[in-house]
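Have a look at the structure below, then the notes.
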Amino acid sequence: MSKSRNLLIGSALALSTLAGPAMADKLGLGRPALPEEISAWDVAVLPDGTGLRPGSGNVETGEEVFAEKCAACHGEFAEGLDSWPVLAGGEGSLTDRRPVKTIGSYWPHLSTVYDYIHRSMPFGAAQTVSVDETYAIVAFLLYSNGLVEDDFALSNKNFTEVVLPNADGFYPDDRPESEYPKFRAEACMTNCAEGAPKVTKRAVELNVTPTDPDGKPAGTLPDIVAAAAEASAEAAATETPAEATPEAEPEPAPEAAPADQAAAPAAGPHPELIAAGEKVFKKCAACHKVGEGAKNGTGPMLNNVVGHPAGKVEGFKYSKPLLAMAEEGLVWDEAALHHLLENPKAFIKGTKMSFAGLKKEEDRAAVIAYLSTFAQ
């Protein structure tokens with residue numbers, strides 16, 4: 001809900017309170033708001049569950065509703081598209097230069113998720129999502145962040161039982177007690193300092209002032225630029241051309257290799273295919289990280305995955321179906337990766353992955369080529 005609309009509602013409720021029956025009778029305006037009308041307007045949901053409407057929704061339904069009403073902006077599995085926000089992943093990123101803030105990494109209260117979706121989403125069609133659909137979308141987002149299993153159902157009855165990872169990462173704003181009093185003391189206006197002010201340091205002594213070769217402060221920036229250009233011109237004028245070196249004789253062409261000689265090792269993936277894979281991998285980056293310093297997130301980091309046994313990333317909690325396939329000898333060769341990327345849920349029955357899959361073979365090939373560059 002927009003700020004202006006909140007103000008409008010607040011003003012209406014305030015006027016309703018101030019202009020009680022006596023004032024309304026006197027002015028001949030309006031009437032007291034009915035309880036049903038107030039309830040219809042008061043859609044806010046608080047962290048303790050106050051304001052929740054009766055209803056429920058599960059992960060499976062949430063995935064369907066999310067695909068229909070949310071994926072156009074936030075991606076099929078909440079990875080974010082273009083400049084629209086990422087809604088899954090970001091665990092452990094809050095100390096990064098550009099943290100990824102999601103309900104799995106940053107938001108402290110589940111009520112904020114429910115309240116915002118129910119009030120303001122989808123973009124341009126606010127408040128068209130039903131109560132049950134809202135519960136389902138929130139359940140799907142919890143699942144996408146690895147916080148619940150795929151058979152989870154959210155309702156007004158178990159809503160407050162869900163605790164987000166960063167619930168303890170916030171503290172009450174104590175500035176009214178700790179800071180405001182310091183700025184409300186009576187200001188000194190006369191004879192505030194003892195004695196005359198003294199200059200104790202100069203910029204040149206702090207090494208922040210440019211100096212010329214003699215150690216004296218240099219001129220203005222235009223002077224410095226002009227001096228540098230003049231010095232460069234003088235250096236160019238005094239430079240002597242290097243002596244010509246005799247032309248080297250061309251080296252004889254290498255002899256042809258014998259027919260029975262082993263062929264050179266095959267070259268790696270084509271650079272254009274790798275570049276295409278990097279773009280397609282953006283659909284995966286919300287959950288999986290690659291490259292130097294990559295860490296596990298909602299999904300395992302994918303360095304050194306191509307051609308290696310499944311389920312071996314240290315510190316990641318794999319699903320039971322994946323671990324069972326790993327025990328049977330699953331190796332992430334190109335064939336297995338193609339099947340996984342095409343339809344994760346069909347390849348691994350019961351997988352936690354909410355990704356719908358890459359339907360184009362060229363996209364899958366490109367992602368595999370890109371991942372192959374992160375071999376350790």
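Computed from a prediction, not measured in an experiment: that's the story for all the values here.
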Salt bridge Lys345-Glu63, side-chain N to carboxylate O under 4.0 Å | yes
Below 4.0 angstrom, N of the basic side chain to O of the carboxylate: do Arg175 and Asp173 qualify?
->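 Answer for the salt bridge query: yes.
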Just wondering, do [Y] and [X] contact through their side chains at under 4.5 Å, heavy atoms?
| X | Y | answer |
| --- | --- | --- |
| Ser319 | Leu322 | yes |
| Glu64 | Phe140 | no |
| Phe170 | Tyr106 | yes |
| Glu91 | Pro165 | no |
| Val45 | Thr50 | no |
| Phe66 | Glu76 | no |
| Leu81 | Cys73 | no |

Tell me the closest heavy-atom pair linking [X] and [Y], and the distance in Å.
| X | Y | answer |
| --- | --- | --- |
| Pro176 | Pro181 | O-CD, 3.3 Å |
| Ala139 | Phe152 | CB-CD2, 4.2 Å |
| Leu147 | Gly104 | CD1-CA, 4.3 Å |

Give every residue pair that meets the salt bridge (Lys or Arg N to Asp or Glu O under 4.0 Å) criterion with at least one member in residues 36-53, sequence neighbours excluded.
->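 Sorted pair list: Arg31-Glu37.
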What orientation do Phe374 and Tyr370 show, parallel under 30°, tilted 30 to 60°, or perpendicular over 60°?
-> perpendicular
Is the Phe159 ring parallel, tilted or perpendicular to the Tyr114 ring (thresholds 30°, 60°)?
->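 Because their plane-to-plane angle is over 60°, the rings of Phe159 and Tyr114 count as perpendicular.
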Begin with the C-alpha distance, continue with both residues' side-chain angles, and end with the deciding distance and a verdict on side-chain contact (heavy atoms from CB on, under 4.5 Å) for Met121 and Tyr116.
-> CA-CA 7 Å; Met121 293 288 107; Tyr116 189 79; 3.8 Å; yes
Would you compute the distance between atom [atom1] of [X] and atom [atom2] of [Y] and round it to the nearest 0.5 angstrom?
| X | Y | atom1 | atom2 | result |
| --- | --- | --- | --- | --- |
| Ile137 | Ser144 | CD1 | OG | 11.5 Å |
| Leu142 | Leu110 | CG | CG | 5.5 Å |
| Asn58 | Ser155 | CG | OG | 11.0 Å |
| Trp84 | Glu79 | CH2 | CD | 14.5 Å |
| Lys101 | Leu87 | NZ | CG | 14.5 Å |

Could you tell me which residues satisfy salt bridge (charged side-chain N to carboxylate O under 4.0 Å, His left out) with Glu133, sequence neighbours excluded, listed by chain and number?
->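 Result, salt bridge (charged side-chain N to carboxylate O under 4.0 Å, His left out) vs Glu133: Lys69.
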Verify side-chain contact (heavy atoms from CB on, under 4.5 Å) between Val305 and Leu302, making sure each step is shown before the conclusion.
-> CA-CA 5 Å; Val305 66; Leu302 298 181; 4.2 Å; yes
Looking at Thr102, Leu164, Asn145, Asn166, which hits side chain to side chain contact (heavy atoms under 4.5 Å, CB included) with Trp107?
->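 With Trp107 as partner, Thr102, Leu164, Asn145, Asn166 yield a single side chain to side chain contact (heavy atoms under 4.5 Å, CB included), made by Leu164.
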Tabulate below the donor-acceptor pairs under 3.5 Å that side-chain atoms of residues 328-341 make, not counting sequence neighbours, or state none.
| from | atom 1 | to | atom 2 | distance (Å) |
| --- | --- | --- | --- | --- |
| Asp333 | OD1 | Ala335 | N | 3.4 |
| Asp333 | OD1 | Ala336 | N | 2.8 |
| His338 | ND1 | Arg364 | NE | 3.3 |

